There are 2 protein chains.
Amino acid sequence: MRIKNSKSEKLIFGPAVAVDVLIFDVNNGKLNALLIRISKGPYKNKWALPGGLVRTDETLDEAAKRVLWEKAGIRGIYLEQLYSFGEVKRDVRGRIISISYFALVDSAKFQPRTTEYYSDIRWKEAKKLPPMAFDHGKIIAFGIERLRNKIEYTNIAYALLPKEFTLTEMQKIYEIILGKKLDKRNFRKKLKMLNILEPEKKMRHGLKSRPAELYRFRKRSLVFTK
Amino acid sequence: MRIKNSKSEKLIFGPAVAVDVLIFDVNNGKLNALLIRISKGPYKNKWALPGGLVRTDETLDEAAKRVLWEKAGIRGIYLEQLYSFGEVKRDVRGRIISISYFALVDSAKFQPRTTEYYSDIRWKEAKKLPPMAFDHGKIIAFGIERLRNKIEYTNIAYALLPKEFTLTEMQKIYEIILGKKLDKRNFRKKLKMLNILEPEKKMRHGLKSRPAELYRFRKRSLVFTK
DNA sequence: CCAAAAGTGTTTCCAATACACCCATGC
DNA sequence: GCATGGGTGTATTGGAAACACTTTTGG
């Protein structure tokens, strides 16, 4: 890539910059990533993260938000920067640096829809990925690790849950992300100690078992608990 | 910035990419960052991190290593990616995205020297910075936080210490980074449990007090201890 | 013999873990 | 009345924190 500084009009060389957004949800007992299928070019039929080039007049965070909205039809969800990938040959079509982002969404709140950009966009299980384009498999592995760590020392699970939920629903989220069963009594004791939830005065009825009390997060924004 | 794709020869617009390297040492009881003074332009007389544009034929890590060597005269030290900063106006001269890196060096091993790039380069206390150019103050704050966290769950202190050191020297590093006094017995008990050190069969003599046993890290590469 | 830093164990507290039974509802 | 998931308490263990004195050397 050649870069031309618009003020000095002096040509310099350098890489281009894209953002790629890794969107997770938890659904059907699985951790899933939202992927698009590439329909042409050297990566035809491979899967990839939604992404796009960063514009001159937007910040990295804004670019990520824009990609999330324009290319996946989602907004208003949890989003943080993940890592920047800059292998020279990561995209065979040219030198592009990827600033990756990491987003979480409540599975009930969002059904993937195609956009004008991508005709095939769907949830894929994050731990059983189809053939991926670029280094996007690596980005997803990185994101899984980030999530696994962060759920242990923050309230970030709020971003995967609806406003109201039962403790068992919350525990399932933890079990899926951590990849192991947790003890129900210890899980609840810990939550009580952390004091990040408050009970609604409502129950979830309608299932074929005892109704469960509903809770909500005191703060639906990132809080560190250690 | 305008970017021209060298294959398609189609002009597109986009930001330029730089790496900035935050180098820490601990010396004289302080955590210090290696800074350069800018001698001309709109940031004249402000201080900044050593940095440079990323070339088309090098990875981000390679660019960081090159900057470290060419601009600060250091190589072979601990280096990891920190965060990417992309505010639109972070550099008033043009749109430049900064991929920041984080490096640690043993203070005894390296004395700053000027290079052909920077005539004034020196250690400044990281918690009492002079007026900084760009958003480099923010990068340093981010790096301090990273170090403070990482020293608690890794053996990263090895990168700030020489091959051989006493337990008291190591404890001082922890105290400076964490910003608080630690209990000598508890510190040593914890180290014994973690089993990341091994005793040399040597003592440090020559001081005006009882000689101290020398230790070294079992592995001088990053190990997670939790 | 005095100053200076090295070295060393025990007790207390609290959070993490392990573990099993009764309860409320739908069918 | 039975299947299903909801809800609850106690005992054990292990790491974190608090805490003070003796040892070895140089001067």
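Being a predicted model, the structure only gives us computed values, none of them experimental. In what follows, chains carry the letters A, B, and so on, assigned in the order in which the sequence lines appear, proteins first and then strands, with residues in each chain numbered from 1.
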Task: Pair E80(B) + R146(B), salt bridge at N-O below 4.0 Å - done: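 Salt bridge flag = yes for R146(B) with E80(B).
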Open item on the list: Any salt bridge linking E175(B) with K181(B)? Criterion: basic side-chain nitrogen under 4.0 Å from a carboxylate oxygen.
Closed with: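 Yes, this pair counts.
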How many whole angstroms separate atom [atom1] of [X] from atom [atom2] of [N]?
{"X": "E175(A)", "N": "dG5(D)", "atom1": "CD", "atom2": "P", "result": "14 Å"}
{"X": "F187(A)", "N": "dG9(D)", "atom1": "CZ", "atom2": "P", "result": "18 Å"}
{"X": "L182(B)", "N": "dA18(D)", "atom1": "CG", "atom2": "P", "result": "11 Å"}
{"X": "K172(B)", "N": "dA6(C)", "atom1": "NZ", "atom2": "C1'", "result": "11 Å"}
{"X": "E200(A)", "N": "dG6(D)", "atom1": "CD", "atom2": "P", "result": "17 Å"}
{"X": "M203(A)", "N": "dC23(C)", "atom1": "CE", "atom2": "C1'", "result": "11 Å"}
{"X": "R188(A)", "N": "dG9(D)", "atom1": "CZ", "atom2": "C1'", "result": "14 Å"}
{"X": "K192(B)", "N": "dT8(C)", "atom1": "NZ", "atom2": "P", "result": "6 Å"}

Task: Phosphate-side-chain proximity, R185(B) and dA18(D), N/O vs OP1/OP2 below 4.0 Å - done: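 For R185(B), the contact criterion (side-chain N or O under 4.0 Å from OP1 or OP2 of dA18(D)) is not met.
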Open item on the list: With a 4.0 Å limit, can you tell me whether T168(A) has a side-chain N or O closer than that to the phosphate oxygens OP1/OP2 of dG5(D)?
Closed with: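 Result: no.
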Task: Heavy-atom neighbours of K127(B) NZ exceed 12 at 6.0 Å - done: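 Yes, NZ of K127(B) has more than 12 neighbouring heavy atoms, counting only those of other groups under 6.0 Å.
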Task: Short side-chain donor-acceptor distance under 3.5 Å, D20(A) and S100(A) - done: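 The answer is no; no qualifying pair exists.
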TODO: State, without any angle test, whether N32(A) and D25(A) hold a side-chain donor-acceptor pair at a distance under 3.5 Å.
DONE: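 Result is yes, a qualifying pair exists.
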Task: Parallel, tilted or perpendicular: rings of F85(B) and F142(B) (30°, 60°) - done: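 Because their plane-to-plane angle is over 60°, the rings of F142(B) and F85(B) count as perpendicular.
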TODO: Return the set of residues passing side-chain hydrogen bond (donor to acceptor under 3.5 Å, both in side chains) with R220(A) (not counting sequence neighbours), or none when no residue passes.
DONE: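 Counting only residues at least two positions away or on another chain, R220(A) forms no side-chain hydrogen bond (donor to acceptor under 3.5 Å, both in side chains).
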TODO: Could you say whether E213(A) or K184(B) is positioned toward the 5' end of DNA chain D, judged by the nucleotide with the nearest heavy atom to each?
DONE: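 Whichever sits nearer the 5' end wins; that is E213(A).
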TODO: Take A212(A) and D183(B), find for each the nucleotide of DNA chain D with the closest heavy atom, and name the residue whose nucleotide sits nearer the 5' end.
DONE: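 Closer to the 5' end of DNA chain D: A212(A).
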Open item on the list: Measuring only between side-chain heavy atoms, which start at C-beta, is K65(B) closer than 4.5 Å to L79(B)?
Closed with: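 The answer is yes; the side chains approach within 4.5 Å.
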TODO: Looking only at non-hydrogen atoms, find the nearest pair between T166(A) and A212(A) and report the distance.
DONE: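 That would be CG2-CB, 3.6 Å.
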Task: Candidates dA6(C), dA18(D), dC19(C) - which lies nearest the side chain of N186(A) - done: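 Given the options dA6(C), dA18(D), dC19(C), the side chain of N186(A) is closest to dC19(C).
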For nucleotides 24-27 of chain D, tabulate all protein N/O to nucleotide N/O atom pairs closer than 3.5 Å, reporting atom names and distance.
unit_1: dT24(D); atom_1: O2; unit_2: R210(B); atom_2: N; d: 3.3

For nucleotides 11-16 of chain D, give me every protein contact, N/O to N/O, under 3.5 Å, one pair per line with atom names.
none

- [ ] Assign each of E169(B) and K180(A) to its nearest nucleotide of DNA chain C by heavy atoms, then name whichever residue's nucleotide is nearer the 5' end.
- [x]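 Whichever sits nearer the 5' end wins; that is E169(B).
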